[in-house]
Amino acid sequence: MYETKPWLKFYGDIPEHVDYPRVTMYEALMRTAADHPDDIAYDFFDHTATYRQFTAEIDRCADALASLGLRKGDRITISMPTCPQAIICFYAVNKLGAVASMIHPLSPPKEIEFYLNTAKSRFAFTLDAFYGKFKEVEDKTSLMTLILCRISDYLPWIKKIGFNLTKGRKIPKVPDDKLVVWWTDLMKRDFPKVPKAEMDTDDMAVILYSGGTTGVPKGIMLSNMNFISEGMQVSVWGSLGGGSSILAILPLFHGFGLGVCVNAAFMGGG
């Protein structure tokens, strides 16, 4: 029976259907990079990277994470603001078939303990400024490796100097600690190349957390296809093709910030 859809006349040039590839987020991003290798993928306070450079960073990060022992099915807690290191790590984790548990970087130690234990994370990634909170709960969790970076790592040199002379100088120095691995050290070294993991598009790829309005926050398990379909829908509806851009203000631990402001742009080549 023919189904009438009178609302379609309001769609304009938006297609009625979108064909979603049965791939992982990493594979979908690599498809975009193949079509737009020299287009700008991200701009962080005037530090830019093309899709070719961006995917090379992701592959290098995946090699480093694999060398630390991150494997398919493992969980890593990413507690970061919206910055290149977090996005690079997010897709590198997906390449390895691991699961990214995204949490608020300003979470207090008790909540960090809860998130680490809920996700069963042995790995975590955060800023140097938040080292103390993770160290405080180390013995109450399964945390074995804490990767630290500095917000100034990807700032142009003038902005880096400005940050280090203002907010940066207030961040406590991280002591020598066998728990800690530094992002800059990992990204400078050469590790054995790792192939992408055999991961299904319907496999869990991300854990986001509810607001906890009816009790403690709940871990929301999301698949590759959840992000690919949502990202492609937004990309088509918002015309996020090559040359377009979106201002990513919302945080990465938020479904809108991660799914729309970041992933949707990469699905379309923006």
Side-chain angles (χ1 to χ4, degrees), residues 1-45 48-52 54-55 58 78 80-84 86-88 90-91 94 99-100 102-104 199-214 217-270:
M1 183 181 214
Y2 179 70
E3 182 183 6
T4 59
K5 298 179 180 179
W7 58 85
L8 293 180
K9 65 184 179 182
F10 300 106
Y11 276 28
D13 295 329
I14 305 300
E16 179 182 353
H17 298 286
V18 176
D19 294 324
Y20 307 122
R22 302 285 300 174
V23 297
T24 64
M25 288 187 292
Y26 170 80
E27 290 169 329
L29 175 57
M30 295 303 285
R31 290 185 177 196
T32 300
D35 292 335
H36 306 274
D38 298 314
D39 289 352
I40 297 297
Y42 67 79
D43 180 335
F44 181 69
F45 293 99
T48 61
T50 64
Y51 275 94
R52 191 194 311 276
F54 180 37
T55 52
I58 292 168
I78 299 177
M80 292 283 289
T82 306
C83 59
I87 296 169
I88 292 165
F90 177 74
Y91 288 100
N94 189 251
V99 177
M102 313 296 289
I103 74 170
H104 197 316
M199 188 185 199
D200 190 80
T201 192
D202 294 320
D203 286 345
M204 180 171 65
V206 183
I207 302 174
L208 298 178
Y209 293 87
S210 69
T213 52
T214 57
K218 280 80 173 174
I220 302 162
M221 300 179 290
L222 298 165
S223 68
N224 287 286
M225 181 50 66
N226 287 145
F227 273 88
I228 290 170
S229 57
E230 183 265 356
M232 291 183 67
Q233 289 169 18
V234 172
S235 178
V236 170
W237 195 272
S239 300
L240 291 175
S244 63
S245 62
I246 183 168
L247 182 60
I249 297 176
L250 294 174
L252 291 176
F253 60 86
H254 190 287
F256 202 111
L258 184 60
V260 175
C261 297
V262 173
N263 190 61
F266 296 146
M267 293 298 98

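Below, each value reflects all heavy atoms present in this structure, side chains not excepted, and no hydrogens, waters or symmetry copies.
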Please report the shortest heavy-atom distance between [X] and [Y], naming the atom on each side.
| X | Y | result |
| --- | --- | --- |
| Phe54 | Ala49 | N-CB, 4.4 Å |
| Glu16 | Lys5 | OE2-NZ, 2.7 Å |
| Ile207 | Gly219 | CG2-CA, 3.9 Å |
| Ala86 | Pro81 | CB-O, 3.7 Å |
| Gly257 | Leu250 | CA-CB, 3.6 Å |
| Ala34 | Pro37 | O-CD, 3.6 Å |

Looking at side-chain heavy atoms only, is the closest gap between [X] and [Y] below 4.5 Å?
| X | Y | value |
| --- | --- | --- |
| Tyr26 | Phe90 | no |
| Asp202 | Arg22 | yes |
| Ile220 | Ser210 | yes |

[atom1]/[X] to [atom2]/[Y] distance, rounded to the nearest 0.5 angstrom?
| X | Y | atom1 | atom2 | result |
| --- | --- | --- | --- | --- |
| Leu258 | Phe253 | CG | CZ | 11.0 Å |
| Ser245 | Ile40 | OG | CD1 | 11.0 Å |
| Met232 | Asp19 | CE | CG | 7.5 Å |
| Thr82 | Tyr42 | OG1 | OH | 13.5 Å |
| Met80 | Leu252 | CE | CG | 8.5 Å |
| Asn94 | Leu29 | CG | CG | 9.5 Å |

Answer yes or no: does atom OH of Tyr20 have more than 12 heavy-atom neighbours from other residues, nucleotides or ligands under 6.0 Å? yes
Decide if atom CZ of Arg31 counts as having more than 12 heavy atoms of other residues, nucleotides or ligands within a radius under 6.0 Å. no
Sole candidate of Asn263, Thr55, Thr24 that passes side chain to side chain donor-acceptor pair (under 3.5 Å) when paired with Tyr91: Asn263
Give the C-alpha distance, both sets of side-chain angles, the deciding distance and a yes or no for side chain to side chain contact (heavy atoms under 4.5 Å, CB included) between Ile58 and Ile88. CA-CA 5 Å; Ile58 292 168; Ile88 292 165; 4.3 Å; yes
Any donor-acceptor pair under 3.5 Å from [X] side chain to [Y] backbone:
| X | Y | value |
| --- | --- | --- |
| Ser235 | Gly231 | no |
| Asn224 | Met25 | yes |
| Thr32 | Phe266 | yes |

Return yes if a side-chain donor-acceptor contact under 3.5 Å exists between Asn226 and Ser223, otherwise no. yes
